[in-house]
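Worksheet: the structure to be examined is printed underneath.
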There are 2 protein chains.
Amino acid sequence: MAKTNPPFMSGVPELLLLRLLKNREMYGYELVRSIREVTGEAISLGEGVIYPVLHSLERSGSLKARRKPVGGRTRVYYSLTKQGRGRLADLQDDWRRIQTGIETALESPGHA
Amino acid sequence: MAKTNPPFMSGVPELLLLRLLKNREMYGYELVRSIREVTGEAISLGEGVIYPVLHSLERSGSLKARRKPVGGRTRVYYSLTKQGRGRLADLQDDWRRIQTGIETALESPGHA
DNA sequence: TCTCATACCTCGAATTGCTAGGTATATGAT
DNA sequence: ATCATATACCTAGCAATTCGAGGTATGAGA
């Protein structure tokens, strides 16, 4: 039944997560706040978005998880795998492409 | 039942359509090809995406439609209303905001 | 006549993201 | 001691968007 391609603009949460984890390992709750910060409050993704994406990235092999007890609580730290770095590069390219495309469309004054 | 907000990155098809129609009135089939062109092939939205969006923009008062017979066929030409121009400005602002936010996130090398 | 391009449309499914919950521990205030 | 808040994890169910694959009809050209 010809499975549908993912929507052309999806994967931004994924992109942001991978990008943040490129610097250092982080845990979910931390990533939620961090996305708000690094995007200058422009993008705010709740835990209901982030956690499922993290799980799916782990299942697909882009991330590996590590449980680490910190002050009585247990955090789940995620870090990039080699595959994850590749995935990040791909998503970054995709993003550039559509971003440039939209920019072109918006800036052309009289595109004929 | 607390209606859900639209997904944070949606409305790009809407934005592109309104932007193209800012220049001149166009018809659906034409808009489908035009989006591919002006985005440098980066974005390709099928008729199954475009027509419903056009209809919804008309219903919401951003566009007005005009049936025009051309060479035996009938085309439906759409043009921006005043409200549509306002909507375009809003969507453009939204886009800038998130675009900038993502750019910031991607470019920060060691964001601490 | 047959095919292709034009030109409109809609339905069903897949995917996403959102809201709203739920659990549990630590910390600080009352 | 108790209550509220922040931390930290999670999932379920719904809503919105987009995608793919159709369907209809006309005109032009081979």
Side-chain angles (χ1 to χ4, degrees), chain A residues 1-17 25-37 39 42-60 63 65-78 91 94-95 98 102, chain B residues 1-17 25-37 39 42-60 63 65-78 91 94-95 98 102:
Chain A
M1 267 297 120
K3 54 196 53 172
T4 38
N5 286 331
F8 77 107
M9 288 258 311
S10 67
V12 170
E14 202 183 328
L15 170 59
L16 293 172
L17 288 177
E25 69 171 8
M26 296 173 81
Y27 56 98
Y29 195 78
E30 184 185 13
L31 285 159
V32 169
R33 287 169 307 175
S34 198
I35 285 181
R36 244 195 321 259
E37 285 173 29
T39 62
I43 297 173
S44 184
L45 300 171
E47 304 174 32
V49 175
I50 295 307
Y51 285 117
V53 176
L54 286 173
H55 299 158
S56 118
L57 282 171
E58 189 191 1
R59 272 196 309 276
S60 70
L63 296 182
R66 175 168 85 93
R67 309 180 60 73
K68 184 169 146 189
V70 177
R73 272 198 210 84
T74 299
R75 292 177 180 166
V76 183
Y77 279 85
Y78 294 92
L91 285 176
D94 290 351
W95 171 252
I98 64 175
I102 294 177
Chain B
M1 264 297 129
K3 57 195 53 174
T4 39
N5 287 332
F8 78 110
M9 288 258 308
S10 67
V12 169
E14 202 182 328
L15 171 59
L16 293 172
L17 288 176
E25 69 172 6
M26 296 173 82
Y27 57 98
Y29 194 77
E30 184 185 13
L31 285 159
V32 170
R33 287 168 308 175
S34 198
I35 285 180
R36 243 194 321 259
E37 286 172 28
T39 61
I43 297 174
S44 184
L45 299 171
E47 303 173 33
V49 176
I50 295 306
Y51 286 117
V53 175
L54 286 173
H55 299 157
S56 119
L57 282 170
E58 190 191 2
R59 272 196 309 275
S60 70
L63 295 182
R66 174 168 85 92
R67 309 179 60 72
K68 184 168 146 191
V70 176
R73 276 201 207 80
T74 298
R75 293 176 180 165
V76 184
Y77 279 85
Y78 293 92
L91 285 176
D94 290 351
W95 172 252
I98 63 175
I102 294 177

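In the text below, chain A, chain B and the rest are named by the order of the sequence lines, each starting its count at 1.
Per the geometry, CE belonging to A:Met26 stands 12 Å off P belonging to D:dA8, to the nearest Å. Regarding B:Ile35, its CD1 atom lies at a distance of 15 Å from the C1' atom of D:dC19, rounded to whole Å. Atom C1' of nucleotide C:dT25 and atom CZ of A:Arg67 are separated by 14 Å, given to the nearest angstrom. Rounding to whole angstrom units, CG of residue A:Leu54 and C1' of C:dG17 are separated by 15 Å. The nearest whole Å value for the distance from the CG atom in B:Leu31 to the C1' atom in C:dA7 is 12 Å. As a whole-Å value, the separation of A:Glu47 CD from D:dA8 P is 11 Å. If you measure from atom CD1 of B:Ile50 to atom P of C:dC8, you get 12 Å, rounded to the nearest angstrom. Atom pair A:Leu45:CG and C:dC18:P shows a separation of 6 Å (rounding to whole Å applied).
B:Val53 approaches B:Glu14 most closely through the heavy-atom pair CG1-CA, 4.2 Å. Taking every heavy atom of both residues into account, B:Pro52 and B:Glu47 meet most closely at CD-O, 3.7 Å. Closest non-hydrogen pair, A:Ala65 versus A:Tyr78, comes out as CB-CE2, 3.7 Å. Nearest approach of A:Val32 to A:Leu45, heavy atoms of both residues: CG1-O, 3.5 Å. The two residues A:Pro6 and A:Ser10 come nearest to each other via the heavy atoms CB-OG, 4.0 Å. Summarising the geometry of B:Ile43 relative to A:Ile102, their closest heavy-atom pair is CD1-CG1, 3.5 Å, with the distance given to 0.1 Å.
Within the structure, every side-chain polar atom (N or O) of B:Tyr27 is placed at least 4.0 Å from both OP1 and OP2 of C:dC8. Checking the phosphate oxygens (OP1, OP2) of C:dC8, no side-chain nitrogen or oxygen of B:Tyr29 falls inside 4.0 Å.
At the heavy-atom level, A:Val76 lies under 4.0 Å from the strands shown only through sugar-phosphate atoms. Within 4.0 Å (heavy atoms only), A:Gly46 reaches no atom of the nucleic acid at all.
Which of D:dC19, D:dT18, C:dT6 sits closest to the side chain of B:Ser10 comes down to D:dT18. Side-chain proximity of B:Arg73 to the nucleotides C:dC9, C:dT16, C:dA7 is greatest for C:dA7. Of the candidate nucleotides C:dC18, D:dC19, D:dC10, D:dC19 has the atom nearest to the side chain of A:Phe8. Listed nucleotides C:dT10, C:dT19, D:dC19 differ in distance to B:His55; the shortest reach to its side chain belongs to C:dT10. Nearest to the side chain of B:Pro52, among C:dT10, D:dC19, D:dA8, sits C:dT10. Comparing atom distances between the B:Thr4 side chain and each of D:dA15, C:dT15, D:dA8 picks out D:dA15 as nearest. Of the candidates C:dT16, C:dT10, C:dT6, the closest approach to any side-chain atom of A:Pro6 belongs to C:dT16. Of the candidate nucleotides C:dA7, D:dT11, C:dC18, D:dT11 has the atom lying nearest to any side-chain atom of A:Tyr51. Of the listed nucleotides (D:dT18, D:dA16, C:dC8), D:dT18 has the atom at the smallest distance from the side chain of A:Pro7.
Checking B:Met9 against A:Asn5, the closest nucleotide of DNA chain C that is more toward the 5' end is the one next to A:Asn5.
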